[in-house]
Structures are given as C-alpha cells and as structure tokens.
Number of protein chains: 2
Amino acid sequence: MQDIYKPLRSKSYSVPCELCSIGSMCIPMLLNNTLHTVLNRKHEFTKDQVVIHEGTPFQKLFIIHSGALKTYVTVNGVEQINGFYLPGDIVGLDSISNNKYNNSIKALTNTLTCELEYDEVKKLISQNAQVRDMILDLMSKDILNYQKLVLSYSQKNAEEKLASFIYSLYSRYAQRGHTSLNIKLSMSRSDIANYLGITIETVSRILTRMQETEILSVKGKYISIKNISALARLAAENI
Amino acid sequence: MQDIYKPLRSKSYSVPCELCSIGSMCIPMLLNNTLHTVLNRKHEFTKDQVVIHEGTPFQKLFIIHSGALKTYVTVNGVEQINGFYLPGDIVGLDSISNNKYNNSIKALTNTLTCELEYDEVKKLISQNAQVRDMILDLMSKDILNYQKLVLSYSQKNAEEKLASFIYSLYSRYAQRGHTSLNIKLSMSRSDIANYLGITIETVSRILTRMQETEILSVKGKYISIKNISALARLAAENI
DNA sequence: CGTCTACTTGAGTGTGTTCAATGGTAGTGG
DNA sequence: CCACTACCATTGAACACACTCAAGTAGACG
C-alpha cells in the first residue's frame with residue numbers, strides 16, 4: 001500500500017533501446033519505423049506501486065522492459081491474482097473490448113515499462129500490415145496461453161500446479177535469453193498461493209518436499225532448479 | 001467416433017440469415033456489406049463429427065449458427081476438453097498465431113456453422129475500421145473470458161465450478177435472447193467432468209444435492225433452474 | 001427383450017485445508 | 001550493533017472435500 005516514491009536502482013534503467021535486455025521480444029523495437037510516434041519509453045514504477053486501478057478507462061498497453069508486474073481483481077476487498085508479467089510481456093490486451101481496465105496492475109519490484117497508446121496502435125493496424133499481423137498474433141498467443149492455463153489448473157493437483165508455475169517462470173526467462181537455473185521469485189508465497197488457488201501452507205510444504213527430493217533448492221525468494229527434467233515431468237507441461 | 005452422415009433435423013436448417021436465431025450476435029450479418037465475399041454459409045456437421053483435427057493448418061474461423069461444438073486436445077490418447085461453443089460463438093481465434101489449429105473441434109449435436117476465411121478477414125481488417133475493431137473486440141473478449149475461467153477454476157471448489165458452469169450456460173443463452181430456465185445439456189456428464197477437472201461421480205452427486213436443495217431439477221440431459229439466485233450465489237460469478 | 005452405455009449411489013481413502021504454534025528475516029530505532 | 005517489531009514462511013495435527021473402486025440403476029437402441 002506504500003505508493004511513495006523510491007529511487008530506482010535497476011541497472012537497466014538507462015539502457016538505450018538498442019541495448020535493451022529483452023532484445024527480440026521488444027515489440028516497439030520490432031516496429032521501430034512505425035511505432036515510435038505512439039510509444040512512451042521507460043516509464044518507471046516503484047515496488048508495490050499501483051500502475052492501474054481496476055475500472056480505469058482503457059487507454060494504453062504496457063510492455064515490460066525490466067522488473068515484474070502482477071494483475072488482479074478485487075472482490076469484496078479480497079485480491080485475486082490472475083497473472084504475473086515479466087520483461088517482454090504485454091499487459092492490457094484483455095481490456096480492449098471493455099474500454100476499461102479489467103484488472104488492477106501492480107509493480108512487484110521496481111519496474112520500467114514502455115507504453116503504447118491503443119488508439120494510435122489501432123490506426124497503425126489499418127495502415128501497416130506488419131503491425132496488424134503482429135497485434136493479431138499477440139492476442140491470439142494470449143488466448144492460447146490462457147487456454148493452456150485453464151487446462152492446467154482444472155486438471156492438475158497442487159504439486160503439479162506449483163511445478164508448472166516454477167517451470168513456466170524458468171522457460172519464460174529462457175525464451176528471453178536468460179537460461180539460468182537460478183530464479184528469483186519477485187512475488188511472495190502468498191501471491192503464488194493466491195494465483196494457483198492453493199494455500200500458502202501447501203506451497204510451503206511442497207517446496208520443502210521438492211527440496212527433499214532434490215528437485216529444487218529453496219532459500220527464501222531464491223530458487224535453484226537442481227533437476228530440471230524432474231521438474232518438467234511434474235509440471236506435465238504437455239497436458 | 002462415428003463420423004457417418006446423418007440427415008440434419010435442425011429446424012433452423014433452412015432459415016435465411018435475415019431470420020437467423022442468433023440475430024444480433026451474428027458477426028457476418030453485422031458486416032453484411034463487407035463480409036459476404038469471405039463467408040461460407042451454413043456448413044453442416046452431424047453429431048460426433050470431427051470438424052477439425054488438432055494440428056490441421058489454420059485457415060478459417062467457425063461461427064456457430066445452431067447446435068454446439070466442443071474443442072479439445074488429445075494428450076497420450078486422452079481427451080482434454082477446453083471449451084464448449086454455442087450459437088453465436090466464434091471458434092478458432094487461438095489458432096491464428098500458430099498457423100495451425102491448436103485444438104480438435106467436434107460437433108456435440110447436429111450443428112450448422114458459418115465460416116470465415118482468415119486471410120480474407122485479415123485483408124478486410126486493413127480495409128475496414130469496423131471489421132478491424134470488431135475482430136480486436138472479439139479477441140479481447142476471448143482473452144477476458146479465459147482470464148475469468150482461470151480465476152474460476154483455480155479458486156472454486158467442485159460445487160462452485162458446476163454451479164458456475166450451469167449458470168454460464170444459462171447466461172450465454174440469455175445473451176442470445178433465450179431466457180428460458182430450462183437448459184438442455186448438449187454434452188455428457190463425462191464431458192462436463194473432464195472440462196471442469198472433476199470426476200463424473202462428483203458431477204452426479206452435486207447435481208443430486210442441488211436437486212435436494214431445490215436449486216435445480218435434473219432429468220437426464222434436461223436441467224431446469226428452480227432457484228436462479230441461489231445458483232448465481234453458488235457460482236460466485238463475481239469472483 | 002436383451003445389451004450396451006451413461007449415470008447414480010455407496011464406502012473407504014487421500015490430498016489439501018483449516019487452525020494453531022513456531023521459526024526466520026527485514027526493517028526500525030535505540 | 002543489537003534488540004524489538006512486524007511480517008512472512010514453515011511445520012504439525014485434525015478435519016473435510018473430492019477421489020478411487022465398486023456395485024447398482026436407468027435410458028437408448030437394435
């Protein structure tokens with residue numbers, strides 16, 4: 001709840017787009033020739049800062065440059081998390097049809113975003129087939145991801161959910177060129193539990209068990225994957 | 001598995017578009033002036049017929065005129081259902097980015113579809129802002145629906161899932177102008193259980209319990225909602 | 001009328017929850 | 001630098017919901 005400003009210390013703070021760590025995942029860069037008019041570069045948010053309040057009129061899409069965001073809805077004062085977003089991810093595609101943001105968005109750590117004005121993007125879609133195809137692609141991918149998530153959560157038990165969650169963090173970083181087996185969780189146990197629809201106690205117990213079976217090594221927010229194939233098997237990513 | 005042809009008996013079989021029951025839900029109709037070139041009208045599928053096999057090259061979107069479809073993936077020979085589609089629904093949006101269908105599609109009953117060639121739709125998006133906005137809208141709605149589904153399935157217990165499922169059938173029909181409290185399930189108990197990630201025994205027990213508490217009256221595939229507000233409360237649709 | 005499949009019901013088991021207590025860690029102030 | 005606080009995470013015990021296995025019933029169809 002602390003929205004007070006803290007100086008950003010992220011190393012990538014002053015990195016120019018050309019050197020941006022997300023590289024080929026950067027939508028604005030890919031559309032360098034066309035999108036620079038609609039792009040606001042490197043907006044900064046501090047840890048725990050609310051980026052968007054649910055219900056705010058929809059205006060722009062957020063692309064994460066560095067850091068992490070979560071999206072959530074609030075029902076009867078209770079937060080329900082429905083997504084974690086990492087560098088290269090785009091946030092807000094669900095809100096186009098409603099003309100308002102369906103979720104609140106909050107920074108999990110100090111975060112830098114690039115932002116796309118949707119009205120301008122829309123115009124570009126009509127003018128530029130490359131932009132059109134890219135946006136349609138992005139949305140279609142989003143739908144596909146959610147389909148898989150639905151399947152995953154309706155079919156998996158707690159252990160599989162958590163394995164799946166950790167494995168997906170790993171592979172999302174890997175897709176972005178960071179193939180390290182050491183992951184720093186930017187969210188709390190309670191956030192994870194909330195998101196997966198299990199309790200924090202269960203998260204804790206399963207993490208302990210995965211340490212006993214030498215699949216992971218856990219130290220607070222730091223997770224080290226010791227047996228990636230066992231993790232992938234548990235995650236049952238093919239389901 | 002019976003793909004043999006059976007004569008269609010659907011009453012709406014020969015209904016002209018102007019009188020089509022889905023009315024204002026009909027995307028082709030809304031775009032009457034522009035889409036008739038890309039639209040194949042009233043393709044017929046018989047009960048249990050496979051419309052699309054998973055992996056087939058993506059080519060067209062299906063819009064349901066009458067009947068019902070399900071989509072599913074097959075993992076190690078086991079079917080995992082990830083959606084049921086009713087008249088007015090559009091199927092295939094998830095497959096745009098992959099250039100292949102990610103799911104198999106099967107007719108739950110005799111079904112009539114209209115079909116949109118995606119390549120043509122894409123051209124129209126560039127040419128016509130109305131088409132552009134409609135397609136973006138449809139995709140965004142799809143994303144939003146899946147978000148809700150994820151939340152729903154990660155947070156709800158079996159009773160809430162089933163209540164939610166039945167309530168959503170009711171409200172989807174209601175959105176299409178059919179506000180009847182009597183619903184005919186076009187899918188089997190086993191399909192429902194598969195989709196919700198619970199067992200058929202649990203589905204059965206919960207339906208019995210909902211009859212005892214006079215929320216529903218169940219007779220085979222026919223469900224009559226006796227207490228819609230209690231159902232909505234159980235469904236916790238706000239979550 | 002008998003067969004096949006779908007659905008329902010029952011009994012026992014197990015996974016994950018709730019409730020409760022304990023252990024750790026980060027941040028704050030003396 | 002240590003003590004204190006507050007929050008977060010872990011562990012334990014008892015319970016409950018949904019599962020598995022098994023038997024029985026109803027409905028569809030030849």
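In the text below, chain A, chain B and the rest are named by the order of the sequence lines, each starting its count at 1. Side-chain atoms are counted along with the backbone in the values below, which use heavy atoms only and exclude waters and symmetry mates. Everything quoted here is computed from the prediction, not taken from an experiment.
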Any side-chain donor near an acceptor of the partner, A:S229 and A:N227, under 3.5 Å:
yes
Which residue is it: B:T111, B:L112, B:L86? I am looking for the one with a side chain to side chain contact (heavy atoms under 4.5 Å, CB included) to B:I64.
B:T111
Which class fits the ring pair A:H178 and A:Y173: parallel under 30°, tilted 30 to 60°, perpendicular over 60°?
perpendicular
According to the interplanar angle, ranging from 0 to 90°, do the rings of B:Y167 and B:Y170 count as parallel (below 30°), tilted (30 to 60°) or perpendicular (above 60°)?
tilted
Between D:dG27 atom C1' and B:K219 atom NZ, what is the distance in whole Å?
10 Å
Atom-to-atom span, NZ of A:K156 to P of D:dC19 - whole angstrom
17 Å
Can you tell me how far C1' of D:dA18 sits from CD of B:E160, to the nearest Å?
14 Å
Rounding to an integer number of Å, can you tell me how far B:L108 CG sits from C:dA6 P?
14 Å
Please encode protein proximity along nucleotides 7-17 of chain C as a string of B, S and -, counting only heavy-atom distances under 4.0 Å.
SBBBB----SB
B:I183 to B:I166 - nearest heavy-atom pair and separation:
CD1-O, 4.0 Å
A:D48 CG to C:dG27 P, in whole Å, measures 12 Å
Kindly write out the residues that satisfy salt bridge (charged side-chain N to carboxylate O under 4.0 Å, His left out) with B:K161, not counting sequence neighbours, or none if the list is empty.
none
Round to the nearest Å and state the distance from A:L216 atom CG to D:dT10 atom P.
12 Å
